[in-house]
Amino acid sequence: MKALVLFSGGVDSTTCLALAIDKYGADEVLALSVYYGQTHKKELEAAKKIAEYYGVKHKQLDLALIFADSTCSLLESSSENIPEESYAEQLAHTNGKPVSTYVPFRNGLFLSSAASIALSNGCEIIYYGAHSDDAAGNAYPDCSDEFNEAINRAIYLGSGNQLHIEAPFVKLNKAQVVKKGLELCVPYELTWSCYEGKETPCGVCGTCRDRAAAFEANGVDDPAMKNIDKGVL
């Protein structure tokens, strides 16, 4: 294996997976999905379908216990409601702190865990899909360029200079991520982004709003929404 991709089954990580496959080939890519106690399994189900679509090896890691005491609204152990607002609207109420859907130090934990798995499988690089929209306003601080540089150095040093991180979208916005994915013919119809675990996306949570805006900015309809209209999702 050459590359491990942190893979949620959403737009950004699926685009990362496509980039890694385009560069190394499916046989040299390992996709890693993480169950962290989220309220639904929609993304993990999507990840499985997409891994099968690309023919890549797919592992799933259970880290739910680590977040058991968190009040993050994405977790099944939380009594908090998922906000039906854009991230900008949510940040207006946080006094500079992350939004309520921030899972505490999630990317730090995921990347550290991925490093151990990557080294055990002979990988040289870890891909993950952090982008600038998520980092904006400190909504998700572990998606920032500064965080990426720090964790990359830590993993490179801690692996004996064997492993580094690639965050290809860390300076891009979500619309630019989708643009790249469309060029790579990413099967966005198979992806899931919504924070809610209902039969269809809610359309009003922060990630639903970002996703819709990203496809709109590229002048195309969201393929997943077409599938919903046909009763596929």
Side-chain angles (χ1 to χ4, degrees), residues 6-16 36 38-47 50 70-76 78 80-104 106-107 128-145 147 167-182 186-230 232-233:
L6 272 178
F7 182 48
S8 71
V11 165
D12 312 315
S13 66
T14 303
T15 310
C16 259
Y36 54 92
Q38 54 267 55
T39 56
H40 64 80
K41 307 294 193 303
K42 288 282 191 174
E43 277 192 335
L44 294 175
E45 291 168 358
I50 297 163
S70 172
T71 59
C72 170
S73 58
L74 293 189
L75 304 176
E76 60 184 354
S78 174
E80 300 293 322
N81 292 323
I82 294 172
E84 296 183 348
E85 297 177 309
S86 69
Y87 293 130
E89 290 171 325
Q90 292 174 54
L91 285 165
H93 313 303
T94 67
N95 295 317
K97 294 181 180 179
V99 295
S100 75
T101 49
Y102 166 70
V103 183
R106 183 176 71 173
N107 281 346
Y128 78 117
H131 59 80
S132 63
D133 284 348
D134 278 346
N138 209 39
Y140 296 102
D142 55 355
C143 289
S144 69
D145 194 19
F147 169 82
F169 312 135
V170 74
K171 296 182 186 294
L172 305 182
N173 61 35
K174 200 176 189 78
Q176 291 169 310
V177 174
V178 168
K179 181 177 185 295
K180 183 63 179 177
L182 292 171
V186 169
Y188 286 130
E189 68 276 9
L190 300 179
T191 62
W192 181 272
S193 300
C194 183
Y195 287 148
E196 301 281 1
K198 300 175 182 177
E199 287 301 310
T200 59
C202 70
V204 293
C205 69
T207 190
C208 273
R209 292 170 186 263
D210 270 14
R211 177 176 177 136
F215 280 98
E216 184 178 352
N218 281 282
V220 297
D221 293 329
D222 182 345
M225 298 307 294
K226 292 180 181 179
N227 270 355
I228 288 168
D229 292 341
K230 295 176 183 178
V232 175
L233 289 179

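Between atom CG of residue D133 and atom CG of residue N173 there is a gap of 5.0 Å, rounded to the nearest 0.5 Å. Going from atom CG of N218 over to atom CD of Q176 covers 9.0 Å, rounded to the nearest 0.5 Å. The line from CD1 of I50 to OG1 of T14 is 3.5 Å long, rounded to the nearest 0.5 Å. Between the NE2 atom of H40 and the CD atom of E196 there is a distance of 7.5 Å, given to the nearest 0.5 Å. The CD1 atom of I82 lies 7.5 Å from the SG atom of C202; values are rounded to the nearest 0.5 Å. Annotation: the span from L75 atom CG to Y36 atom OH amounts to 7.0 Å, rounded to 0.5 Å.
P201 approaches M225 most closely through the heavy-atom pair CG-SD, 4.5 Å. Between C72 and P104 the shortest heavy-atom distance is CB-CD, 4.5 Å. Here the closest non-hydrogen pair linking S73 and N81 is CB-O, 3.6 Å. Here the closest non-hydrogen pair linking S144 and A135 is CA-CB, 3.6 Å.
Using a 3.5 Å distance cut-off with no hydrogens or angles, the side chains of S13 and S8 do pair a donor with an acceptor. Side chains of S78 and T71: no donor on one and acceptor on the other come within 3.5 Å. Between the side chains of S193 and R211, a donor-acceptor pair is found at a separation under 3.5 Å.
Between W192 and C194 the shortest side-chain heavy-atom distance falls below 4.5 Å. F169 is not listed as a side-chain neighbour of S132, based on a closest heavy-atom distance of 4.5 Å or more. The shortest side-chain heavy-atom distance between L172 and K180 does not fall under the 4.5 Å cut-off. Side-chain contact check for D221 versus F215: every heavy-atom pair is 4.5 Å or farther apart. The closest side-chain heavy-atom distance from S86 to R209 is below 4.5 Å. You'll find the side chain of V170 stays beyond 4.5 Å of the side chain of F147, heavy atoms only. Between C205 and P83, every side-chain heavy-atom pair lies at or beyond the 4.5 Å cut-off.
Residues passing the ring pair (Phe, Tyr, Trp, His ring centres under 6.0 Å) test with Y140 are Y87, sequence neighbours excluded. The side-chain contact (heavy atoms from CB on, under 4.5 Å) search around E45 returns K41, K42, not counting sequence neighbours.
Taking a 6.0 Å sphere around CD of E216, one finds it holds 12 or fewer heavy atoms contributed by other residues, nucleotides or ligands.
Distance alone, capped at 3.5 Å, places no donor-acceptor pair between the D134 side chain and the C143 backbone. A donor-acceptor pair is defined here as one N or O able to donate and one able to accept, closer than 3.5 Å; no such pair exists between the side chain of T191 and the backbone of V11. Using a distance-only test at 3.5 Å, with no hydrogens or angles considered, no donor-acceptor pair links the side chain of N138 to the main chain of K97. Counting only distance, with no hydrogens or angles, the side chain of D222 and the backbone of A212 share no donor-acceptor pair below 3.5 Å.
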>> Run the side-chain contact (heavy atoms from CB on, under 4.5 Å) test on V103 and Q38 for me, step by step, so that the C-alpha distance in whole Å, both residues' side-chain angles and the decisive distance to 0.1 Å come before the verdict.
In response: CA-CA 10 Å; V103 183; Q38 54 267 55; over 6 Å; no
>> T15 vs Y188, test: side chain to side chain donor-acceptor pair (under 3.5 Å). Steps then yes/no.
In response: CA-CA 9 Å; T15 310; Y188 286 130; 2.7 Å; yes
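Between K171 and D145 there is a salt bridge, since at least one side-chain N of the basic residue sits less than 4.0 Å from a carboxylate O of the acidic one.
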